[in-house]
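What follows is a short report on a single structure.
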Amino acid sequence: MRLDRFIASQRGELSRNDVKELCRKGQVTVNGVQAKRSDMQVSELNDEIAVKGVPVAYRKFVYIMLNKPRGVVCATRDGLSQTVLELIPPELRRRGLFPAGRLDKDTEGFVLITDDGELAHKMLSPKSHVPKTYFVRTEYAIAPELVNAFAEGLTIDGGETCLPAELRLSDNEFECTLVLHEGKFHQVKRMFEACGNRVVCLKRTRLGGLDLDPELPLGACLEIMHKDVEKLLAR
Ligand code: URA
């Protein structure tokens, strides 16, 4: 693969022209030797490539955990609101990234951003039943009977039946944890509305078997490392 193509594919903020300029300034090295030409051939697997001394590691796909704040939309483009992609720091940006699944504009928490279409498909497929865990705060106290009602499969507006969901009560009667195995439109809000309550705060805290990093500030991202990627699909 050409050096400029390799660097531009891994470091989305750098164009091939940028790489050419960096080579001209002697700021790109291949196996420790300054690269004179940006069109030289390199092996993305075997060569050690660095820009300004920072290694450019080859990743076929990237997986990014974002702690989405309220007011940001899960879309690749939006004329009006800020999108989740605009929160990705330059060093993690690359072509083809998209949010795998949606949270409402007023929902916070774990959004996976990736360029791995196959994994996203597996995660989102209704058949895969990958659990999604939410912290929920409601307007009225949560009736303990909801634990059984949710476990049996609630019928929500329009007659849709939900898959069995796990509701865990907390010491605070206005708060709970809810685990869903599907992702219907506005599902959590509609489930509580069907029970005469209203969601006032919603945050996704876990996708599959991977927790949102509790240290990750709202609006911040971190790259999910290889060993954790498969946890995203864990049931
Ligand atoms: N359920 C909702 O109602 N909203 C979300 O954003 C996610 C799940």
Side-chain angles (χ1 to χ4, degrees), residues 64-78 80-88 98-114 120-143 146-147 149-170 174-214 216-221 232-235:
I64 298 165
M65 174 188 286
L66 166 70
N67 189 1
K68 180 183 116 43
R70 285 168 174 239
V72 176
V73 293
C74 282
T76 45
R77 275 187 205 174
D78 190 280
L80 296 172
S81 307
Q82 192 177 31
T83 70
V84 286
L85 290 193
E86 290 167 41
L87 296 174
I88 308 290
F98 62 93
R102 282 168 189 255
L103 290 180
D104 296 338
K105 190 171 174 181
D106 61 355
T107 301
E108 291 178 3
F110 192 166
V111 175
L112 171 70
I113 296 173
T114 184
H121 176 75
K122 280 189 197 150
M123 262 189 63
L124 301 175
S125 154
K127 285 187 201 137
S128 69
H129 297 184
V130 169
K132 289 138 195 125
T133 305
Y134 296 89
F135 163 81
V136 187
R137 185 175 298 127
T138 54
E139 184 171 358
Y140 309 110
I142 300 164
L146 290 195
V147 174
F150 278 32
E152 279 162 14
L154 201 69
T155 302
I156 51 178
D157 61 299
E160 271 182 273
T161 309
C162 299
L163 289 176
E166 188 188 338
L167 188 153
R168 297 181 205 133
L169 298 169
S170 85
F174 295 88
E175 293 177 358
C176 68
T177 299
L178 182 62
V179 186
L180 301 185
H181 296 269
E182 57 186 339
K184 297 186 196 299
F185 185 61
H186 297 326
Q187 183 165 349
V188 178
K189 292 172 186 162
R190 288 162 71 207
M191 287 172 85
F192 279 90
E193 268 160 29
C195 303
N197 206 334
R198 196 174 75 86
V199 172
V200 295
C201 172
L202 186 58
K203 178 167 185 138
R204 185 155 65 194
T205 55
R206 188 173 161 95
L207 263 179
L210 190 63
D211 284 316
L212 176 68
D213 184 332
L216 190 65
L218 273 173
C221 292
L232 289 164
L233 295 176
R235 298 199 192 169

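Just so you know, ligand 1 is whichever comes first in the structure, and atom 1 is the first atom listed for that ligand. In this text, all values refer to a predicted model and were calculated from it rather than measured experimentally.
- Residues T133 and T177 have side chains in contact (heavy-atom distance under 4.5 Å, counting atoms from C-beta outward).
- In terms of modelled atom types and a separation under 3.5 Å, the side chain of N67 and the main chain of A220 share no donor-acceptor contact.
- Remark: K189 pairs with D104, D106 by the salt bridge (charged side-chain N to carboxylate O under 4.0 Å, His left out) rule, at least two apart or across chains.
- At a threshold of 4.5 Å between non-hydrogen side-chain atoms, the residues L154 and C195 count as touching.
- Rounded to the nearest 0.5 Å, atoms CD (E175) and CZ (R168) are 15.0 Å apart.
- With hydrogens and angles disregarded, a donor-acceptor distance shorter than 3.5 Å links the side chain of R204 to the backbone of F110.
- Listed by chain and residue number, the protein contacts of ligand 1 are L103, D104, T107, Y134, H186, Q187, V188, K189, L202 (heavy atom within 4.0 angstrom).
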